[in-house]
Undergrad: 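Take a look at the following structure, please.
Just the heavy atoms: all of them, side chains too, but no hydrogens, waters or symmetry mates, feed the values below.
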Amino acid sequence: MADPKGFMTTPRQEWARRPVEERVRDWAEVYVPGALLPIVTEQADRCMDCGIPFCHDACPLGNLIPEWNDLVSREDWRAAADRLHATNNFPEFTGRLCPAPCEAGCVLAINQPAVTIKNVECAIADRSWEEGFVPPKPPDRLSGRTVAVIGSGPTGLAAAQQLTRAGHTVAVYEKDDRLGGLMRYGIPEFKMEKHHLERRLKQMRAEGTKFRTSTAVGRDVGAAELRTRYDAVVVATGATAWRELSVPGRELAGIHQAMEYLPLANRVCEGDLETSPMSAVGKHVVIVGGGDTGADCLGTAVREGAASVTQLDIYAQPDAERDEDIDPWPTYPKVYRLSAAHEEARDLETAPAAHADARLFAASTLHFIGDADGQVRSLHLVEVDALRRPVAGSGRTLPADFVLLALGFSGPDRQDGLIDQLGLGLEPRGTITRDGGFATNVPGVFAAGDAARGQSLIVWAIAEGRAVAAAVDRYLTGSSRLPAPIGPYDRPMAV
């Protein structure tokens, strides 16, 4: 702890966002370039000598947060980079995309604004690349063992990098034409520019990891055949089976799943398309679902030039402060948060009928109404109570000629045939069954990430990748020195 009084003398200051009117006219990241480094050393000084750093437990990666905060406060960036990368393969991803459960568990957060852990992490990661602190780390020798990793999201990439560095020959299979999974086509450019992803992939190629894109295991290559070609297989396909909304009018044109919409916008940013064939330009957009995916749709629709955008959240509007009876420290609290997309919608007044920013809280969709041509034109909703029961007399209709469903995901998609061809067991909720060592019911096949855990956060995905790599290494060699930060049955801290 470089400054013992830092938490008392220095207020919390976060990475400044660019003005709304400026950033909605482009797809670049929302933050002011270069504005983080001038403030981050003082913010790191706010980290307390708290004795028991609960931020460790709040983060499934076990990030050494007090250590690299202290190093940043002293401006020892190389040592900070070493400590950060000791537990996290991709801190530039988590520093931009993670909702920071570590900050909810910060001891300072008991009665003050938490340390800006996420911003410090991002600053270290970016400085690491600028200064050349993260060169490729190819193995000294090869083990002669081969591993196929199916899926190139954060779980698959973390597992592949760990196994490659352990000396195994690893090939990553990705069904899309580019690597990254939902980080590539699900996360908008304004949240994370894809050059951060490309940089890591270049590092992994230099270390020896092989990549096979446009290859859907189960369709383009048989899953059982693949199993015979490798000593071990890791299934890290994610949870991409989206949830449906079964209400009257769902069949109308103009109603789409969020993950049908977001990849097309990302392809425009990649240069594949001049304009999206599913653009929201000039349309009255309603997003059903109050989570992060819905917010991603919101920010995308605003940038595309929608006439209006409203987001429906079935939960009541949360309070601005933690409710200690419901979400006591250090659990992750359900509080009112203003994402960059919601800030944009609020300032631009994209949804005049909304309670706050672009969101209508405690709102449940009853049915859609279309025109004579079968095109959706409006959405009828009702306010609900805490038990999701309709409130009498609260029905209302919103104009909606473009509806996006952002209701989350139930488990891995079975359409490619991977699960059935391998004969993998499934849990009642649709995720892949595995034992305490990440192993499935098929010998040599392991499952990790959202495909087995269910929809979760990027830090849990990376932690799963690191942990399953240790399990596979142990299966192949009899022992492993790779870290395993979590077990398959571990869950976030809760009451």
Side-chain angles (χ1 to χ4, degrees), residues 1-19 29-59 61-88 90-131 133-134 191-192 196 320-322 329-330 332-333 335 337-340 343 458-459:
M1 186 169 63
D3 185 354
K5 298 181 180 179
F7 68 95
M8 295 187 289
T9 60
T10 304
R12 178 182 170 103
Q13 185 178 1
E14 298 184 43
W15 193 357
R17 295 168 179 166
R18 295 186 290 140
E29 288 183 9
V30 300
Y31 297 104
V32 176
L36 184 55
L37 286 179
I39 66 170
V40 77
T41 53
E42 287 191 354
Q43 291 304 302
D45 271 338
R46 298 183 69 240
C47 187
M48 307 165 64
D49 186 9
C50 56
I52 301 176
F54 279 82
C55 55
H56 282 191
D57 288 327
C59 175
L61 285 165
N63 282 333
L64 306 172
I65 295 164
E67 293 185 33
W68 40 256
N69 272 330
D70 178 64
L71 292 166
V72 166
S73 72
R74 302 173 191 276
E75 299 194 24
D76 189 346
W77 293 97
R78 179 180 289 277
D82 290 342
R83 302 313 291 149
L84 178 59
H85 285 89
T87 58
N88 189 350
F90 314 123
E92 66 273 32
F93 303 166
T94 52
R96 288 172 167 83
L97 303 178
C98 181
C102 53
E103 294 187 14
C106 174
V107 171
L108 187 58
I110 294 175
N111 62 357
Q112 292 188 47
V115 175
T116 54
I117 297 170
K118 179 177 174 178
N119 283 179
V120 177
E121 176 183 30
C122 195
I124 300 171
D126 289 352
R127 188 68 175 263
S128 298
W129 287 106
E130 293 169 9
E131 301 291 339
F133 297 156
V134 281
K191 286 183 69 174
M192 186 183 80
H196 299 293
E321 302 294 333
R322 181 198 295 268
W329 177 88
Y332 191 73
V335 297
R337 295 179 173 87
L338 192 69
S339 72
E343 180 185 50
I458 187 171
V459 279

Undergrad: Indicate yes or no for a side-chain donor-acceptor contact from Gln43 to the backbone of Pro11 under 3.5 Å, with no hydrogens or angles considered.
TA: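 Yes, Gln43 side chain to Pro11 backbone: donor-acceptor pair under 3.5 Å.
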Undergrad: Taking all non-hydrogen atoms of both residues into account, name the closest pair between Cys102 and Ile65 and its distance.
TA: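 Smallest interatomic distance, heavy atoms only, reads CB-CD1, 3.7 Å.
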Undergrad: Between Asp57 and Pro330, is any pair of side-chain heavy atoms under 4.5 Å apart?
TA: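 They are not in contact (no side-chain heavy atoms under 4.5 Å apart), so the answer is no.
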Undergrad: Is Phe93 close to Ile458 at the side-chain level, that is, under 4.5 Å between some pair of heavy atoms?
TA: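 In short, these two side chains touch, coming nearer than 4.5 Å.
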Undergrad: Between Pro113 and Leu108, which heavy-atom pair has the shortest distance, and what is it?
TA: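 Where Pro113 meets Leu108 most closely, the heavy atoms are O-CD2, 3.5 Å.
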Undergrad: Trp68 vs Ile117, test: side-chain contact (heavy atoms from CB on, under 4.5 Å). Steps then yes/no.
TA: CA-CA 10 Å; Trp68 40 256; Ile117 297 170; 3.6 Å; yes
Undergrad: So which atom in Ala80 and which in Val72 form the shortest heavy-atom distance, rounded to 0.1 Å?
TA: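 The pair with the smallest heavy-atom distance is CB-CG2, 3.9 Å.
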Undergrad: Measure the shortest side-chain to side-chain distance between Val107 and Trp329 over non-hydrogen atoms and say whether it is less than 4.5 angstrom.
TA: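 Yes, close enough: below the 4.5 Å cut-off.
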Undergrad: Go through it in stages, so that I can follow the logic: the residues are Glu121 and Asn63, the test is side-chain contact (heavy atoms from CB on, under 4.5 Å), and I'd like the CA-CA distance, side-chain angles, deciding distance and then a yes or no.
TA: CA-CA 10 Å; Glu121 176 183 30; Asn63 282 333; 3.9 Å; yes
Undergrad: Between the main-chain N or O of Trp15 and the side-chain N or O of Asn119, is there a donor-acceptor pair closer than 3.5 Å?
TA: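 The answer is yes, because a donor-acceptor pair under 3.5 Å joins these two groups.
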Undergrad: Please give me the minimum heavy-atom distance between Thr87 and Gly62, naming the atom from each residue.
TA: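 Answer, listing the atom of Thr87 first, then Gly62: CG2-O, 3.7 Å.
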Undergrad: Does the side-chain contact (heavy atoms from CB on, under 4.5 Å) test come out yes or no for Gln13 and Thr116, once each step is laid out?
TA: CA-CA 8 Å; Gln13 185 178 1; Thr116 54; over 6 Å; no
Undergrad: Which value, rounded to the nearest 0.5 Å, describes the distance between Arg12 atom CZ and Cys106 atom SG?
TA: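 The CZ atom of Arg12 sits 8.5 Å away from the SG atom of Cys106.
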Undergrad: When rounded to the nearest 0.5 angstrom, what distance separates CG in Leu84 from CG in Leu71?
TA: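 It is 10.5 Å, given to the nearest 0.5 Å.
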Undergrad: Does atom CD of Glu42 have more than 12 heavy-atom neighbours, drawn from other residues, nucleotides or ligands, at distances under 6.0 Å?
TA: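 Check fails, neighbour count at 12 or below.
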Undergrad: Taking the side chain as everything from C-beta on, heavy atoms only, tell me whether Gln112 gets closer than 4.5 Å to Met48.
TA: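 A side-chain contact under 4.5 Å is absent here.
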Undergrad: Supply the atom-to-atom distance Arg46 CZ to Thr9 OG1, rounded to the nearest 0.5 angstrom.
TA: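 Interatomic distance, Arg46 CZ to Thr9 OG1, rounded to 0.5 Å: 9.0 Å.
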Undergrad: Would Asp126 and Arg96 count as a salt bridge (charged side-chain N to carboxylate O under 4.0 Å, His left out) here? Give the steps.
TA: CA-CA 11 Å; Asp126 289 352; Arg96 288 172 167 83; 2.8 Å; yes
Undergrad: Is there a side-chain contact between Tyr332 and Pro99 in this structure, where contact means two heavy atoms from C-beta onward sitting under 4.5 Å apart?
TA: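 Tyr332 vs Pro99: side chains touch.
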Undergrad: Stepwise, does the salt bridge (charged side-chain N to carboxylate O under 4.0 Å, His left out) test hold for Arg78 with Asp82?
TA: CA-CA 6 Å; Arg78 179 180 289 277; Asp82 290 342; 5.8 Å; no
Undergrad: How close do Ala104 and Ala109 get, heavy atom to heavy atom, and via which atoms?
TA: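 Of all heavy-atom pairs spanning Ala104 and Ala109, the closest is O-CB, 4.3 Å.
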Undergrad: When rounded to the nearest 0.5 angstrom, what distance separates CD1 in Ile110 from SG in Cys50?
TA: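 Ile110 CD1 to Cys50 SG: 9.0 Å, rounded to 0.5 Å.
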Undergrad: Might you work through the side-chain contact (heavy atoms from CB on, under 4.5 Å) test for Ile124 and Ser128, ending with a clear yes or no?
TA: CA-CA 6 Å; Ile124 300 171; Ser128 298; 4.0 Å; yes
Undergrad: Quick one: NE2 on His56 to CG on Leu61, what's the gap to the nearest 0.5 Å?
TA: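 It is 11.5 Å, given to the nearest 0.5 Å.
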Undergrad: So which atom in Ala114 and which in Glu103 form the shortest heavy-atom distance, rounded to 0.1 Å?
TA: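 Shortest heavy-atom contact: CB-O, 3.3 Å.
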Undergrad: Quick one: pull up CH2 in Trp77 and CD in Glu130 and give me the separation to the nearest 0.5 Å.
TA: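 Separation between the atoms: 9.0 Å.
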